[in-house]
Amino acid sequence: MDLAFRCSSPLYLPSSPSTTTRKPSNCHVKSFPRKMSLSMATAQAYDSELENKKLQLLTSIQDTQRGLLTTPDQRFSIEEALVNVEGCNKGDPINLNKLDGTWRLQYTSASDVLVLFEAAARLPFFQVGQIFQKFECRDESNGGVIRNVVRWSVPNLLEEQDGATLLVSAKFTVVSVRNIYLQFQEITLQDININEQLQALIAPALLPRSYLSLQILQFLRAFKAQIPVRDPGRQSVGGLYYLSYLDDNMLLGRAVGGGGVFVFTRAQSLY
């Protein structure tokens, strides 16, 4: 556009009437493709820089077992990589349509999540599988529902990694440009999948399955326990969550008050 303005300036008007209608026209035609190519090159350079920063972050957390095993040097490198990515859309308002969907946990420093990983590392009868955050907020203007999904198992009893599901549900409200406030509603235990050995013990394949054995299997498959989450004052437990970065395939968050950082990547829908 700068070139176009120059061509229309009186300082650049031609002295010959025969060229009056030709030079401004040619100048305008040449300036737009050049301007567009510069804009495209700038956008591509920005995208390339951003993707490199995201790759550096994912590389820095790669061998930490989702945050369980980190050295001081690793934590410093991870924080530095986090800040580099966060700065790329710092201050942009939360896009609820883009936030909507399922996100898989790749790394955290939150103590209430790390304690699960530590328990799984110490206890041979407990496994922690994938952890997800599922946001339900498409076409909403000021909030929605968030479900923290923890897949876990008991070896030799339940299917590995996906033996059962712990679901922590909360409502959230957008309270500032990038902050959301969570009000936890309930904890649910569901989707119990016993392994084949236990199924064979309850209802042997070589024997006629009795009504009782079939009822036991059906009960386990359909089992669902729900526990409301409230403080002694009977109010929903809540917390402030800062969404520090969001795009189509990465979500970064920080629990306000020193509760830890979270790195998520986009996952397929759970339900």
Side-chain angles (χ1 to χ4, degrees), residues 43 46-47 50-51 53-54 57 66-67 79 82-113 130-151 165-191 224-271:
Y46 175 80
D47 290 343
L50 174 57
E51 291 304 316
K53 289 180 178 180
K54 289 162 61 178
L57 173 58
R66 294 182 287 183
E79 180 62 25
L82 270 167
V83 171
N84 286 338
V85 176
E86 289 171 335
C88 293
N89 66 4
K90 184 178 180 180
D92 293 346
I94 299 169
N95 185 329
L96 293 181
N97 285 339
K98 187 174 290 186
L99 180 64
D100 183 87
T102 303
W103 301 87
R104 186 195 310 271
L105 179 69
Q106 302 292 349
Y107 172 86
T108 186
S109 62
S111 58
D112 55 346
V113 180
Q130 298 295 335
I131 296 179
F132 302 92
Q133 274 192 344
K134 187 175 186 298
F135 286 87
E136 300 171 8
C137 52
R138 181 167 296 279
D139 298 326
E140 298 291 339
S141 60
N142 196 42
V145 175
I146 177 175
R147 305 185 193 280
N148 295 304
V149 183
V150 181
R151 297 282 174 78
T165 298
L166 184 68
L167 193 67
V168 182
S169 302
K171 293 181 179 179
F172 75 89
T173 305
V174 179
V175 294
S176 67
V177 175
R178 300 198 71 86
N179 281 304
I180 62 176
Y181 183 76
L182 307 182
Q183 286 185 302
F184 293 99
Q185 302 295 305
E186 64 181 16
I187 299 173
T188 304
L189 177 62
Q190 62 183 39
D191 300 334
K224 186 175 183 179
Q226 296 174 300
I227 304 172
V229 180
R230 298 187 181 277
D231 65 14
R234 305 300 296 170
Q235 298 294 320
S236 296
V237 178
L240 202 59
Y241 191 32
Y242 176 62
L243 301 179
S244 56
Y245 179 84
L246 171 65
D247 66 14
D248 291 331
N249 52 38
M250 178 174 281
L251 170 64
L252 306 181
R254 294 178 180 268
V256 178
V261 301
F262 300 85
V263 178
F264 293 92
T265 55
R266 179 77 71 177
Q268 292 183 344
S269 177
L270 296 176
Y271 306 106

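Residue numbers count from 1 along this sequence.
Looking at every heavy atom in both residues, Cys88 comes nearest to Leu50 through SG-CD1, 3.5 Å. The minimum heavy-atom distance linking Ala110 with Phe262 is given by the pair CB-CZ, 3.5 Å. For the pair Asp248 and Arg266, the tightest heavy-atom approach, listed with the atom from each and the gap, is O-NE, 3.1 Å. Between Asn142 and Leu96 the shortest heavy-atom distance is N-CD1, 3.9 Å. Asn148 and Phe184 get closest at one heavy-atom pair: ND2-CE2, 4.1 Å. The two residues Lys134 and Glu136 have their closest heavy-atom pair at NZ-OE2, 3.2 Å.
Taken from OG1 in Thr173 to CD in Gln183, the straight-line distance is 6.0 Å, to the nearest 0.5 Å. Taking CD1 of Ile94 as the reference point, atom CZ of Phe135 lies at 8.5 Å (rounded to 0.5 Å). Between atom CH2 of residue Trp103 and atom CG of residue Leu246 there is a gap of 5.5 Å, rounded to the nearest 0.5 Å. We find the CG-CG distance between Leu189 and Leu167 to be 10.0 Å, quoted to the nearest 0.5 Å. Note that CG of Asn84 is 10.0 Å distant from CD of Glu79, once rounded to the nearest 0.5 Å. The distance from the CG atom of Asn179 to the OH atom of Tyr241 is 11.5 Å, given to the nearest 0.5 Å.
Within the 4.5 Å cutoff, side-chain heavy atoms of Gln133 are placed close to those of Ile146.
No donor-acceptor pair closer than 3.5 Å links the side chain of Asp139 to the backbone N or O of Asn97. Asn89 places no side-chain N or O within 3.5 Å of a backbone atom of Asp92 that could act as its donor or acceptor partner. Under a 3.5 Å cut-off, the side chain of Arg66 and the backbone N or O of Thr108 do not form any donor-acceptor pair. Of the possible donor and acceptor atoms, one in the side chain of Ser109 sits under 3.5 Å from a partner among the backbone N and O of Val261. Arg178 places no side-chain N or O within donor-acceptor distance of the main-chain N or O of Tyr242, the cut-off being under 3.5 Å.
For Lys171, the NZ atom is loosely surrounded, since the number of other residues' heavy atoms within 6.0 Å does not exceed 12.
Under 3.5 Å, the side chains of Thr265 and Arg104 contain no donor-acceptor pair of N or O atoms. With no hydrogens or angles considered, a side-chain donor-acceptor pair links Tyr245 and Asp247 at under 3.5 Å.
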Candidate pair Val149 and Thr102, rule side chain to side chain contact (heavy atoms under 4.5 Å, CB included), full reasoning: CA-CA 10 Å; Val149 183; Thr102 303; over 6 Å; no

